[in-house]
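Structure, as structure tokens:
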Protein chains: 2
Amino acid sequence: MGATKSDLFTKKQNNLANMAKALAHPARIAILQELIKLNACVCGDLVTELGLAQPTISQHLKELKNARLIQGTIEGTSVCYCINPKVWNEYKQILSGFFAEVKLKSDCC
Amino acid sequence: MGATKSDLFTKKQNNLANMAKALAHPARIAILQELIKLNACVCGDLVTELGLAQPTISQHLKELKNARLIQGTIEGTSVCYCINPKVWNEYKQILSGFFAEVKLKSDCC
DNA sequence: TCCTTTTATTGCAATATTACGATTAATATG
DNA sequence: CATATTAATCGTAATATTGCAATAAAAGGA
């Protein structure tokens with residue numbers, strides 16, 4: 001025990017949960033917002049901007065990359081990251097689709 | 001180490017991350033969808049519907065209650081749960097607000 | 001009151017996540 | 001080539017999450 005029993009749920013449910021998991025850390029939210037703000041991409045500036053150590057930032061970047069929300073290109077010795085707009089939109093669609101499922105009446109209990 | 005360093009981030013960032021965390025498990029997604037589908041509230045039917053043990057479901061319900069997404073009322077020996085429409089809308093607003101931050105141009109890298 | 005039904009809580013094991021020091025890999029630059 | 005710069009990876013410690021058996025708590029009915 002201890003591991004999520006993904007096989008009990010549909011692909012869509014697991015997918016949605018994984019999307020939420022990618023956003024479920026304030027450092028990753030902060031990274032995404034920083035990438036949005038600077039539009040042009042940043043790299044190790046994130047390390048100085050947020051107060052976390054370089055390996056920690058690198059790990060969060062890796063997760064965001066796995067979640068396909070960001071992409072990075074090597075530029076000399078540094079790496080330039082930015083939002084993947086296509087996937088960003090995909091997230092937006094799927095998440096707002098989930099919240100649209102409720103045609104909210106008054107609470108029933 | 002091991003614990004999230006919440007003090008490095010803004011209230012909004014932590015709040016958004018916590019909202020995402022509430023959704024970051026397929027069982028909780030499934031519970032919410034079941035509550036939406038049956039509109040009227042369910043209780044221990046969730047245990048038979050999803051394949052998880054009763055204490056596990058109870059724990060997920062507790063987290064959803066902490067996240068204020070659902071509310072429960074005691075009805076005899078059983079408990080009736082349903083979506084909290086007000087908070088549901090709040091989540092919808094805040095999340096879609098986050099995704100709206102990107103005025104997506106082409107990718108920059 | 002005793003029993004049944006239903007849900008919550010406790011305690012614990014397994015696994016996942018977060019964070020960082022130390023190191024490595026890759027690329028510039030002198 | 002030697003050295004500096006930047007980012008990724010490795011290893012590990014601390015903490016959090018997931019899941020369930022066992023048990024407790026609450027309420028209804030015999």
Side-chain angles (χ1 to χ4, degrees), chain A residues 1-9 13-14 17-32 34-35 41-67 70-82 109, chain B residues 1-9 13-14 17-32 34-35 41-67 70-82 109:
Chain A
M1 307 126 208
T4 295
K5 292 194 159 182
S6 324
D7 51 309
L8 291 177
F9 309 101
Q13 288 167 336
N14 283 307
N18 283 331
M19 284 170 43
K21 201 180 283 186
L23 302 174
H25 195 290
R28 292 196 287 274
I29 299 289
I31 288 173
L32 291 171
E34 194 70 10
L35 291 185
C41 328
V42 204
C43 40
D45 297 340
L46 291 165
V47 176
T48 44
E49 193 60 38
L50 324 178
L52 290 168
Q54 179 266 320
T56 308
I57 297 290
S58 206
Q59 198 175 317
H60 284 302
L61 286 170
K62 190 180 181 182
E63 279 176 65
L64 289 172
K65 220 166 18 175
N66 282 345
I70 66 172
Q71 53 201 184
T73 5
I74 301 171
E75 285 194 356
T77 56
S78 59
V79 178
C80 171
Y81 283 103
C82 66
C109 55
Chain B
M1 307 125 207
T4 295
K5 292 192 160 182
S6 324
D7 52 309
L8 291 177
F9 309 101
Q13 288 168 335
N14 282 307
N18 283 330
M19 284 170 42
K21 202 180 281 186
L23 302 174
H25 195 289
R28 292 196 287 273
I29 298 289
I31 288 173
L32 291 170
E34 194 70 12
L35 291 184
C41 330
V42 205
C43 39
D45 297 340
L46 291 166
V47 177
T48 44
E49 193 60 38
L50 322 179
L52 290 167
Q54 180 266 321
T56 308
I57 298 291
S58 204
Q59 198 176 319
H60 283 302
L61 286 170
K62 191 181 182 180
E63 279 176 63
L64 289 172
K65 220 168 14 177
N66 282 344
I70 66 172
Q71 54 200 186
T73 4
I74 300 171
E75 285 194 355
T77 55
S78 58
V79 178
C80 171
Y81 283 103
C82 66
C109 57

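Naming: A, B, ... by sequence-line order, numbering from 1 per chain. For the numbers below, each heavy atom of this structure counts, side chains included, while hydrogens, waters and symmetry mates do not.
- Proximity of A/His60 to the phosphate of C/dT17: no side-chain N or O atom is located under 4.0 Å from OP1 or OP2.
- At least one side-chain nitrogen or oxygen of B/His25 sits closer than 4.0 Å to the OP1 or OP2 atom of D/dG19.
- Every side chain to side chain contact (heavy atoms under 4.5 Å, CB included) that A/Ile74 has, sequence neighbours left out, goes to A/Val79.
- Atom OG1 in B/Thr4 sits 3.5 Å away from atom NE2 in A/His25 (nearest 0.5 Å).
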Distances under 3.5 Å between protein N/O atoms and the N/O atoms of nucleotides 4-7 of chain C, please, pair by pair.
| unit_1 | atom_1 | unit_2 | atom_2 | d |
| --- | --- | --- | --- | --- |
| C/dT7 | OP1 | B/Gly44 | N | 3.1 |
| C/dT7 | OP1 | B/Val79 | N | 3.4 |
| C/dT7 | OP2 | B/Gly44 | N | 3.4 |

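- Rounded to whole Å, atom P of D/dT18 lies 13 Å from atom CG of A/Asn14.
- Between B/Leu64 and B/Leu32 the shortest side-chain heavy-atom distance falls below 4.5 Å.
- The distance from atom CD1 of A/Ile31 to atom P of C/dT18 is 11 Å, rounded to the nearest whole Å.
- Residues meeting the side-chain hydrogen bond (donor to acceptor under 3.5 Å, both in side chains) test with B/Gln13, sequence neighbours left out: A/Gln33, B/Thr10.
- The interatomic distance linking B/Lys21 (NZ) with C/dA16 (P) rounds to 17 Å, in whole Å.
- For the pair B/Leu50 CG and D/dT18 C1', the interatomic distance rounds to 15 Å; values are reported in whole Å.
- Regarding contacts with the backbone of D/dC20, a side-chain N or O of B/Thr56 is found under 4.0 angstrom from either OP1 or OP2.
- Along DNA chain C, the nucleotide nearest to B/Phe9 and the one nearest to A/Ile74 differ in position, and the one closer to the 5' end is contacted by B/Phe9.
- Taking A/Glu63 as the reference, A/Arg28 meet the side-chain hydrogen bond (donor to acceptor under 3.5 Å, both in side chains) condition, with sequence neighbours excluded.
- Nearest nucleotide to the side chain of A/Lys5, out of D/dT18, D/dG19, C/dT18: D/dG19.
- Every residue meeting the side chain to side chain contact (heavy atoms under 4.5 Å, CB included) condition with B/Leu46, not counting sequence neighbours, appears here in chain and number order: B/Ile31, B/Glu34, B/Ile57, B/Leu61.
- Qualifying side chain to side chain contact (heavy atoms under 4.5 Å, CB included) partners for B/Thr77, counting only residues two or more places apart in sequence or in other chains: none.
- Contacts of B/Gln54 classified as side-chain hydrogen bond (donor to acceptor under 3.5 Å, both in side chains), with partners at least two apart in sequence or in another chain: none.
- The residue among A/Lys65 and B/Ala24 whose nearest nucleotide of DNA chain D lies closer to the 5′ end is A/Lys65.
- With rounding to the nearest 0.5 Å, the separation of CD in A/Gln71 from OH in A/Tyr81 is 11.0 Å.
- Using a 4.5 Å cut-off on side-chain heavy atoms (C-beta onward), B/Lys5 and B/Asp7 make contact.
- For A/Ser58, there are no side-chain hydrogen bond (donor to acceptor under 3.5 Å, both in side chains) partners two or more places apart in sequence or in a different chain.
- B/Glu63 has its CD atom 9 Å from the C1' atom of D/dT18, to the nearest Å.
- As a whole-Å value, the separation of B/Ile29 CD1 from D/dT18 P is 12 Å.
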**Complete:** Writing each nucleotide of DNA chain C 5' to 3' as (, ), [, ], | or . by Watson-Crick or G-U pairing under 3.5 Å yields ||||||||||||||||||||||||||||||
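- Between the CD atom of B/Glu75 and the P atom of D/dA26 there is a distance of 19 Å, rounded to whole Å.
- With sequence neighbours excluded, the residues that form a side chain to side chain contact (heavy atoms under 4.5 Å, CB included) with B/Ala20 are A/Leu23, A/Ala24.
- Within the nucleic acid shown, B/Ile57 has no heavy atom closer than 4.0 Å to any nucleic acid atom.
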Give each protein N/O atom lying under 3.5 Å from an N/O atom of nucleotides 10-12 of chain D, with the pair distance.
none

